[in-house]
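These notes concern the structure reproduced below.
In what follows, chains are A, B, ... by sequence order, proteins preceding strands, each numbered from 1.
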Number of protein chains: 2
Amino acid sequence: MADPAAPARRGRPGHDRSDVLREAVALFNRQGYDATSMGDLARELGLTKSAIYHHVTSKEQLLEMALDAALAELSEAVEAATTPSYAAPAGRPPASAYERLRALVARSVEVLVAHQPEVTLLLRVRGNSPVEVAALERRRWIDARLADLVRAAAEEGSLRDDVDPDLVSRLLFGMVNSLVEWHRPGGDVDAGVLAHAVTTLAFDGLRAAQPDPA
Amino acid sequence: MADPAAPARRGRPGHDRSDVLREAVALFNRQGYDATSMGDLARELGLTKSAIYHHVTSKEQLLEMALDAALAELSEAVEAATTPSYAAPAGRPPASAYERLRALVARSVEVLVAHQPEVTLLLRVRGNSPVEVAALERRRWIDARLADLVRAAAEEGSLRDDVDPDLVSRLLFGMVNSLVEWHRPGGDVDAGVLAHAVTTLAFDGLRAAQPDPA
């Protein structure tokens, strides 16, 4: 039953750094970062440990690269949404805070889907090492900008005023982040469809516009 | 600086089964169920291991009791919401699926806040033992009933028809479950306020009813 080609292919010399990183992230998510050794990763890749150290200097460097991939894209999206002039194409008036918030929620869903393994890892970070502490610091920066944007949208009168903006911020991005719990990477739900579902639910609400009069 | 009364109080003979369970759940959430031994729990409580075995037969029994506390309340809420006659007080017509869904989302938030440590543990279960497999089975039963209720509300025309009901179900309860990530047990946000925020966001939407015409 065994396929004699499989182990040979896994151990082939063609691994590059991004292959090693991808397998490392998958393994960290599966069995936990702390519980995973470079020896485990070598076995998973069918490589020797020294072959892995040809690509990266440490397990911590792999974690740092993965977290950076997620954080860089999220930070960029937040930066774009929280800089009104940045968000407005040349010749157009700056977008409202509401429009920028709605676009940012959609963009966050897309980033999460595109980098689901790295975002999953990021959301589990607890601050057990300098790399993790630095990542938590960047997450807090992102969360603070998100909360600012929700408050700005509330202040311009675009959001309903019977829900606290800080609570709105946590619920909105709590819903976005919860995607990592059930969305299957490469699954049958498209990122655009997901982004539309999340923004429609959050901003327009689920209740039908013309409820049944019965 | 040390309070000589503190260790004595922790080690006092007055521990009952619910104290042991509460400390066990806190410890499982803090350092992981698999990584926690009965010896760790004994140290945490200032008891001997044999004193703990006076209260419970095994670590797995503690897990089972904790998961059951969360699952029993959630199942009861789902049972109530998915049985139209059960949901309608005597003499009143059955509530619509929409009303029952909205009430169930609010009730889920309240159960989560009331049993936050046990629900946190439940949401981390991965199926590594018969107790965990049984809990996952009960979670799937709950999820399937939730999805049925969302579909029933969509079919009666109460929900907007441009978002897939299965996606709605996942996003709704993803948002509810995300509370365990940031809500502080005994914190400053009341369960009723949280339940109102979640249902308002999800069903009515965040956008102000009369948007700024600018």
Practice task
Find the one option among B:Val198, B:Leu171, B:Val163 whose heavy-atom pairs under 4.5 Å with chain A are most numerous.
Solution key: B:Leu171
Handout entry: Pairs meeting criterion salt bridge (charged side-chain N to carboxylate O under 4.0 Å, His left out) with involvement of residues 71-84 of chain B, two or more places apart
Key = B:Glu73-B:Arg107
Handout entry: Top of A:Trp182, A:Tyr98, A:Phe173 for chain B proximity - count of heavy-atom pairs under 4.5 angstrom
Key = A:Trp182
Exercise for the section: Among B:Leu123, B:Asp162, B:Val193, single out the residue with the greatest number of heavy-atom pairs under 4.5 Å to chain A. Expected result: B:Asp162
Fill in the blank from the handout: On a heavy-atom basis, the closest approach of B:Leu45 and B:His15 is O-NE2, 3.4 Å
Problem - A:Arg140 atom CZ, neighbour heavy-atom count above 12 within 6.0 Å - result: yes
Exercise for the section: Let me know if B:Leu167 has heavy atoms under 4.5 Å from chain A in its side chain, its backbone, both or neither. Expected result: side chain
Practice task
Counting only heavy atoms closer than 4.5 Å, note whether B:Asp204 contacts chain A via side chain, backbone, both or neither.
Solution key: both
Exercise for the section: Identify, with sequence neighbours excluded, every residue that meets side chain to side chain contact (heavy atoms under 4.5 Å, CB included) alongside A:Thr199. Expected result: A:Arg102, A:Val105, A:Ala106, A:Phe203
Exercise for the section: Could you check B:Glu60 against B:Ser58 for side-chain hydrogen bond (donor to acceptor under 3.5 Å, both in side chains), going step by step and ending with a plain yes or no? Expected result: CA-CA 5 Å; B:Glu60 192 139 73; B:Ser58 63; 6.0 Å; no
Practice task
For B:Gln116 and B:His183, indicate whether the former's side chain and the latter's backbone hold a donor-acceptor pair under 3.5 Å.
Solution key: yes
Problem - Closest non-hydrogen atom pair between A:Ala135 and A:Leu67, with its separation - result: CB-CD1, 3.7 Å
Handout entry: Heavy-atom side-chain contact between A:Asp148 and A:Thr82 under 4.5 Å
Key = no
Practice task
Decide, yes or no, whether a salt bridge links A:Asp68 with A:Arg138 under the criterion of side-chain N to carboxylate O below 4.0 Å.
Solution key: yes
Completion exercise
Within residues 26-36 of chain A, contacts to chain B at heavy-atom distances under 4.5 Å involve none
Handout entry: B:Asp161 portion near chain A, given a 4.5 angstrom heavy-atom threshold
Key = neither
Problem - Region of B:Val176 in contact with chain A, defined by heavy-atom distances below 4.5 Å - result: neither
Exercise for the section: Could I get the full list of side chain to side chain contact (heavy atoms under 4.5 Å, CB included) partners for A:Val133, not counting sequence neighbours? Expected result: none
Fill in the blank from the handout: Greatest number of non-hydrogen atom pairs under 4.5 angstrom with chain A, of B:Met175, B:Arg170, B:Arg126, B:Glu181, falls to B:Arg170
